[in-house]
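Note that the structure is predicted; figures quoted are calculated from it, not measured. We name chains A, B, ... by the order of the sequence lines, and we start the count at 1 in each one.
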Number of protein chains: 2
Amino acid sequence: MATARRERYRKQTREEAKAVALAQLAESGTAGISVNAIAKAMGMTGPALYRYFASRDELLTELITDTYRDLAETLAQAVADAAPADRFRAMARALRDWAKRQPDRYLLIYGTPVPGYHAPPETAEIAAGMMRTIFEACSAVGDSVGDSVGDSVGDADGGADGGGATAHGATASHGPQPLTELEAELARHLEGVDSWVPGEQPGGELKGRALRTWTRLHGVISLDVQGQFAGMGFDPSVLFEAEIDALVRGG
Amino acid sequence: MATARRERYRKQTREEAKAVALAQLAESGTAGISVNAIAKAMGMTGPALYRYFASRDELLTELITDTYRDLAETLAQAVADAAPADRFRAMARALRDWAKRQPDRYLLIYGTPVPGYHAPPETAEIAAGMMRTIFEACSAVGDSVGDSVGDSVGDADGGADGGGATAHGATASHGPQPLTELEAELARHLEGVDSWVPGEQPGGELKGRALRTWTRLHGVISLDVQGQFAGMGFDPSVLFEAEIDALVRGG
DNA sequence: CGCGGTTGTGAGAGCTTCTAACCAAACAAT
DNA sequence: ATTGTTTGGTTAGAAGCTCTCACAACCGCG
């Protein structure tokens with residue numbers, strides 16, 4: 001542990017740079033993040049920062065993975081802290097609260113993808129972890145309410161082929177972008193989730209419920225965060241709560 | 001009529017520039033749109049284009065309003081063409097088809113807002129028109145199914161104050177950004193919609209249904225278009241249809 | 001102490017938006 | 001037909017960006 005000082009200092013300035021970048025993101029959007037400006041704000045010249053980040057994209061990537069991790073942890077924490085009966089609501093509200101507290105970071109991961117940027121493998125892993133948390137919360141709602149209606153969303157239209165290499169083949173056929181390694185990774189993680197939920201068939205009811213939960217919550221959160229509700233004369237949080245209720249009722 | 005040639009030519013090159021910009025958008029995202037590159041592709045130097053567009057932002061704005069108009073017309077057309085009983089499904093499918101056919105344009109209006117960009121007044125007007133179409137489709141679903149359950153989403157939490165200057169005051173209090181004229185305009189249009197639907201109270205059941213329709217459809221479409229479903233081993237269109245069913249059933 | 005890797009600097013290439021000055025062609029009017 | 005004005009295009013240049021390179025300064029280790 002001799003030269004640990006160097007590394008500590010290095011990590012420290014990296015962290016500082018990311019903090020400044022986050023501030024720039026908050027006030028000027030993704031495109032407002034400038035390596036030069038960050039360096040200047042830190043009291044050094046532009047090219048110096050390239051000793052710490054290979055490129056602007058690498059900095060953005062790190063910002064994104066950090067954000068993913070933060071959100072995933074927040075959600076998991078909310079679920080862990082809540083009583084089993086409240087887990088679903090706790091998860092949903094934690095998601096919205098987090099997004100409203102830092103809209104730019106929400107848009108950073110769920111907004112328009114950065115031009116040349118392609119998500120690194122770590123992202124898929126963390127995203128899968130988040131899906132796991134949502135699954136957990138969804139299965140918790142079953143405990144408190146009972147699985148009521150439940151149309152299977154996964155296997156209607158010649159739907160989700162059984163286990164095994166499911167996602168691999170299926171995705172390659174209809175997916176807009178080619179199947180990358182990270183996506184295969186995510187698929188593996190999701191299969192793990194499928195088999196992890198007791199008594200849950202791949203593509204079954206619970207998966208559909210989790211998917212709907214994800215898309216519906218994202219629907220109101222993303223529109224809200226982007227200000228699309230502005231001037232419409234209603235409280236987005238009321239709409240959000242209504243969606244939670246609908247989901248709990250088993251829609 | 002005399003100098004109409006000039007204007008015709010002018011409009012023509014503006015249109016050509018926008019077409020090239022759209023092509024650039026499709027392959028490089030929003031940030032990939034470059035005035036210089038467009039001009040070069042049209043066979044002239046960069047600054048020449050500034051005779052036609054005051055700034056890059058103005059070009060983007062025009063792209064956005066065009067897109068809004070296109071989508072609004074597509075939706076309205078789909079609703080008009082369908083039998084009353086099928087109007088809701090037709091509207092929803094038209095929305096998704098349009099988005100899947102040109103993902104970048106969908107993200108252009110519903111993705112992360114462009115850094116410095118602020119929507120022009122026309123946008124609000126067209127957006128209100130789109131909401132009208134959704135309303136129309138939602139009221140049509142009432143004809144074929146009956147209004148079933150229906151929790152009022154607009155007026156729970158001290159909810160939507162009655163008519164008059166509703167949206168104005170309400171939005172200023174909780175909206176993230178300040179109330180601009182265009183937002184007030186949108187609010188007025190929405191109030192018009194409220195009173196336009198026969199027997200509908202402001203903030204009533206139908207408004208909640210339309211809002212939920214919007215957010216849910218956007219939820220699955222936006223995640224799909226951004227490739228967030230990649231590698232998950234299911235068909236997004238099945239999920240979309242399931243959401244349509246849930247909405248029809250009165251969720 | 002001295003040696004070596006790490007960190008910072010300034011210069012500069014190549015890109016961007018956008019302004020300024022200048023020139024030519026097309027239209028309008030006397 | 002010869003003016004004058006408006007419009008479309010050019011090159012030059014400012015200010016910004018990312019990113020590379022060569023060089024100097026420092027910090028820690030032996």
Side-chain angles (χ1 to χ4, degrees), chain A residues 1-25 27-64 108 113-118, chain B residues 1-25 27-64 108 113-118:
Chain A
M1 47 174 59
T3 330
R5 283 252 305 276
R6 273 275 174 70
E7 291 210 14
R8 223 171 42 202
Y9 177 62
R10 186 179 176 80
K11 183 158 281 183
Q12 182 182 319
T13 72
R14 275 177 69 98
E15 226 56 46
E16 183 186 349
K18 288 196 281 183
V20 177
L22 230 53
Q24 289 191 349
L25 172 70
E27 66 175 291
S28 310
T30 314
I33 298 179
S34 153
V35 178
N36 264 5
I38 294 172
K40 210 149 288 179
M42 292 173 64
M44 54 186 181
T45 61
L49 259 190
Y50 283 86
R51 300 280 180 192
Y52 298 89
F53 299 93
S55 68
R56 181 175 174 273
D57 259 33
E58 185 183 302
L59 201 167
L60 278 197
T61 296
E62 205 128 339
L63 247 48
I64 290 175
L108 189 62
V114 182
Y117 177 80
H118 258 60
Chain B
M1 31 165 173
T3 331
R5 284 248 308 274
R6 277 271 175 78
E7 292 209 12
R8 223 171 44 202
Y9 178 63
R10 187 178 177 80
K11 184 158 280 183
Q12 181 182 321
T13 73
R14 275 175 71 98
E15 226 54 47
E16 183 185 349
K18 289 196 281 183
V20 176
L22 230 53
Q24 288 191 350
L25 171 71
E27 66 175 291
S28 311
T30 313
I33 297 179
S34 154
V35 180
N36 264 4
I38 294 172
K40 209 149 290 180
M42 292 173 64
M44 55 185 180
T45 61
L49 259 191
Y50 284 85
R51 300 281 179 190
Y52 298 90
F53 299 93
S55 68
R56 180 177 174 275
D57 260 32
E58 186 184 301
L59 201 166
L60 279 196
T61 296
E62 204 128 342
L63 247 48
I64 290 176
L108 189 62
V114 182
Y117 177 80
H118 258 58

key: Integer-rounded Å distance: D:dC19 C1' and A:E58 CD   = 13 Å

ask   = Of the non-hydrogen atoms in A:F53 and A:A17, which two are nearest, and what is the gap between them?
value = CE1-CB, 3.8 Å

key: Salt bridge present between B:R10 and B:E7 (N-O < 4.0 angstrom)   = no

query = In whole angstrom, what separates A:Y52's OH from D:dC19's P?
reply = 18 Å

message = With a 4.0 Å limit, can you tell me whether B:T13 has a side-chain N or O closer than that to the phosphate oxygens OP1/OP2 of D:dG8?
response = no

query = In whole angstroms, how far is the P atom of D:dC19 from the CG atom of A:L60?
reply = 10 Å

query = Of the nucleotides D:dT6, C:dT7, C:dT17, which one has an atom closest to the side chain of B:R6?
reply = D:dT6

Interatomic spacing from CG in B:L49 to CD in B:E16 - rounded to 0.5 Å = 9.0 Å

ask   = How close or far is atom P of C:dT7 from atom CZ of A:F53, stated in whole angstroms?
value = 12 Å

Position toward the 5' end of DNA chain D (nearest nucleotide), A:S34 or A:R51 = A:S34

message = Let me confirm one number: the CD-CD1 distance from B:E27 to B:I33, rounded to the nearest 0.5 Å.
response = 10.5 Å

task = Round to the nearest Å and state the distance from A:E7 atom CD to D:dC27 atom C1'.
result = 15 Å

Side-chain touch B:L59/B:I38, heavy atoms, less than 4.5 angstrom = yes

inquiry  = Rounding to an integer number of Å, can you tell me how far A:N36 CG sits from C:dG10 C1'?
reply    = 13 Å

message = What is the distance, to the nearest angstrom, from the CZ atom on A:R8 to the P atom on D:dC27?
response = 15 Å

Nearest atoms (heavy-atom pairs only) where B:V35 meets B:G46 = CG1-O, 4.3 Å

query = Between D:dC17, D:dC19, C:dT9, which nucleotide gets closest to the side-chain atoms of A:R56?
reply = D:dC19

note = For A:A48, the side chain to side chain contact (heavy atoms under 4.5 Å, CB included) test, sequence neighbours excluded, returns A:M44, A:T45

query = Between B:Q12 (CD) and D:dT7 (P), how many Å, whole number?
reply = 18 Å

ask   = For A:R5 and D:dG28, is the shortest distance between a side-chain N/O and OP1 or OP2 below 4.0 Å?
value = yes

remark   = In numerical order, the residues of residues 43-50 of chain B whose heavy atoms come under 4.0 Å of DNA chain C are B:P47, B:Y50

query = NA contact type, A:Y9, heavy-atom cut-off 4.0 Å: base, sugar-phosphate, or nothing?
reply = sugar-phosphate

